[in-house]
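Step one of this worksheet: look at the structure below.
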Amino acid sequence: MSATVSFDVATPRGEQHVSLSYTREGSGEPLLLLHGIGHHRQVWDPVLPALAAERDVIAVDLPGCGESPALPDGMAHDLPTMNAVLAALCEALELDRPHVAGNSLGGLLALDLARARVVRSVTALSPAGFWNAAERRYAFAVLMTMRQIAQRMPLPVVERLARPALGRTLLTSTIYARPGRRSPEAVIAETLALARAQGFSETLRSGRTVQFTDDIVGTPVTVAWGNRDRLLIPRQGVRAKGVIPRARLVKLPGCGHVPMNDDPALVARVVLDGSR
């Protein structure tokens, strides 16, 4: 079920009205899915059927991404604000301490929710925030280049490139290890999502000082990393394990930065095992 929910979020300037789009499927314990910067909730589609067979799955478009509008003026697209929004979303949807799985930016947001002890468990797939300065600059440069290409490329060119596997590789090989497995329709949609993401630039700017350095106690944490991640290189997973020593560190063979399409069965199993 695709829907939109609106709610108020407390800010230093008073309550602000926020709307988010989401898809909800399945039954069982709630599982909130969070995508990465400039992406949209449909990135979870390859694993959604397997997850919905055992969980009440809520895949959300983050503010300024997909079908969700940007945050109101005066609300920053930064980590504290985004997680205040997600906490308010959970309250609006009556999700009592959901499990959370996130990829990239979504993984960082999920870990921050765990740090605040408002979730039951976290599965973070290649989460942001465990980089060193050089790795962060590299990742941000790649993301900005991808954004510029998406914005400058006419839609007919995107559609033409997305038809053959080689074209899909040119468009998405930075984030997928097996881009040919992504459907042409999905590649077109996510290229448009990247081009149109209203919160992209501000989110990227706010991430320049982000470094996740706190251990998480009392909440089960799984950190999973694709061994073919070209955006956030796999050694950052080892660094994450050092920061969160109780976390379960899982390798995702043959997977890139966005692993859900590279190996849906493996990723679904990791998420389900992490949310027991």
Side-chain angles (χ1 to χ4, degrees), residues 1-24 30-44 56-120 122 124 127-129 140 143-144 147 150-151 190 192-212 214 216 219:
M1 178 186 71
S2 180
T4 300
V5 61
S6 298
F7 48 88
D8 291 327
V9 180
T11 75
R13 299 185 179 186
E15 290 193 340
Q16 297 279 357
H17 199 63
V18 174
S19 294
L20 295 180
S21 295
Y22 66 97
T23 299
R24 190 167 191 171
L31 170 63
L32 183 64
L33 302 179
L34 307 175
H35 60 75
I37 185 171
H39 231 140
H40 57 176
R41 65 179 188 264
Q42 286 83 358
V43 73
W44 294 98
D56 173 15
V57 182
I58 304 95
V60 62
D61 280 330
L62 293 173
C65 296
E67 297 176 2
S68 292
L71 294 173
D73 291 343
M75 291 184 73
H77 285 258
D78 59 13
L79 192 59
T81 304
M82 295 285 272
N83 275 330
V85 169
L86 292 173
L89 168 71
C90 291
E91 184 175 351
L93 295 180
E94 299 182 346
L95 306 179
D96 181 20
R97 297 186 70 245
H99 302 285
V100 182
N103 173 226
S104 195
L105 169 64
L108 171 63
L109 294 172
L111 290 169
D112 204 47
L113 288 170
R115 182 164 53 183
R117 300 191 177 213
V118 297
V119 298
R120 303 186 199 192
V122 165
F140 280 28
L143 287 167
M144 287 188 290
R147 162 86 158 178
Q151 288 183 316
E190 62 194 9
L192 292 176
L194 176 59
R196 297 169 179 173
Q198 296 175 336
F200 182 92
S201 297
E202 187 179 348
T203 300
L204 207 61
R205 281 194 299 271
S206 71
R208 290 174 181 168
T209 58
V210 169
Q211 192 80 33
F212 200 93
D214 294 340
I216 294 174
T219 302

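Everything numeric in this text was worked out from a predicted model, so none of it was measured.
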*Do other residues, nucleotides or ligands put more than 12 heavy atoms under 6.0 Å from the CZ atom of R147?*
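Yes, because the 6.0 Å sphere around CZ of R147 holds more than 12 heavy atoms from other groups.
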_Can you confirm whether more than 12 heavy atoms, excluding those of Q211, are under 6.0 Å from its CD atom?_
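Yes.
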*asked:* Could you walk me through whether T219 and R97 satisfy the side-chain hydrogen bond (donor to acceptor under 3.5 Å, both in side chains) test, starting with their C-alpha distance in whole Å, then the side-chain angles of each, then the deciding distance to 0.1 Å, before giving a yes or no?
replied: CA-CA 11 Å; T219 302; R97 297 186 70 245; 4.8 Å; no
*Where do V18 and M75 land on the side-chain contact (heavy atoms from CB on, under 4.5 Å) test, with the steps shown first?*
CA-CA 10 Å; V18 174; M75 291 184 73; 4.0 Å; yes
Which value, rounded to the nearest 0.5 Å, describes the distance between [X] atom [atom1] and [Y] atom [atom2]?
{"X": "L93", "Y": "Y22", "atom1": "CG", "atom2": "OH", "value": "5.0 Å"}
{"X": "H99", "Y": "L32", "atom1": "NE2", "atom2": "CG", "value": "11.5 Å"}
{"X": "S206", "Y": "L105", "atom1": "OG", "atom2": "CG", "value": "8.0 Å"}
{"X": "R120", "Y": "L113", "atom1": "CZ", "atom2": "CG", "value": "14.0 Å"}
{"X": "L194", "Y": "L143", "atom1": "CG", "atom2": "CG", "value": "8.5 Å"}
{"X": "R24", "Y": "I58", "atom1": "CZ", "atom2": "CD1", "value": "4.5 Å"}

*Side chains of V85 and P63: does their closest heavy-atom pair fall under 4.5 Å?*
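Yes - at least one pair of side-chain heavy atoms lies under 4.5 Å apart.
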Closest heavy-atom contact between [X] and [Y]?
{"X": "S6", "Y": "H17", "answer": "CB-NE2, 3.4 Å"}
{"X": "P30", "Y": "D96", "answer": "CG-O, 4.4 Å"}
{"X": "A88", "Y": "D8", "answer": "CB-O, 4.0 Å"}
{"X": "G36", "Y": "S104", "answer": "CA-CB, 4.1 Å"}
{"X": "F140", "Y": "L204", "answer": "CE2-O, 3.2 Å"}
{"X": "W44", "Y": "L34", "answer": "CZ2-O, 3.3 Å"}

*asked:* For a side-chain contact (heavy atoms from CB on, under 4.5 Å) check, start with the C-alpha distance between T11 and T81, then their side-chain angles and the critical distance, and finish with the verdict.
replied: CA-CA 8 Å; T11 75; T81 304; 6.0 Å; no
*Could you give me the CA-CA distance, side-chain angles and deciding distance for E67 and H40, then say whether side-chain hydrogen bond (donor to acceptor under 3.5 Å, both in side chains) is met?*
CA-CA 8 Å; E67 297 176 2; H40 57 176; over 6 Å; no
*Passes side-chain contact (heavy atoms from CB on, under 4.5 Å), H77 versus C65? Steps please.*
CA-CA 11 Å; H77 285 258; C65 296; over 6 Å; no
*asked:* I need the single residue from V5, V60, T4, L62 that forms a side chain to side chain contact (heavy atoms under 4.5 Å, CB included) with S21. Which is it?
replied: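 Passing option: T4.
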Under 3.5 Å, is there a donor-acceptor pair between the side chain of [X] and the main chain of [Y]?
{"X": "S68", "Y": "D61", "answer": "yes"}
{"X": "Q198", "Y": "A70", "answer": "yes"}
{"X": "N103", "Y": "H35", "answer": "no"}

*Non-neighbouring partners of F212 that pass ring pair (Phe, Tyr, Trp, His ring centres under 6.0 Å), sequence neighbours left out*: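 F212 satisfies ring pair (Phe, Tyr, Trp, His ring centres under 6.0 Å) with F130 only.
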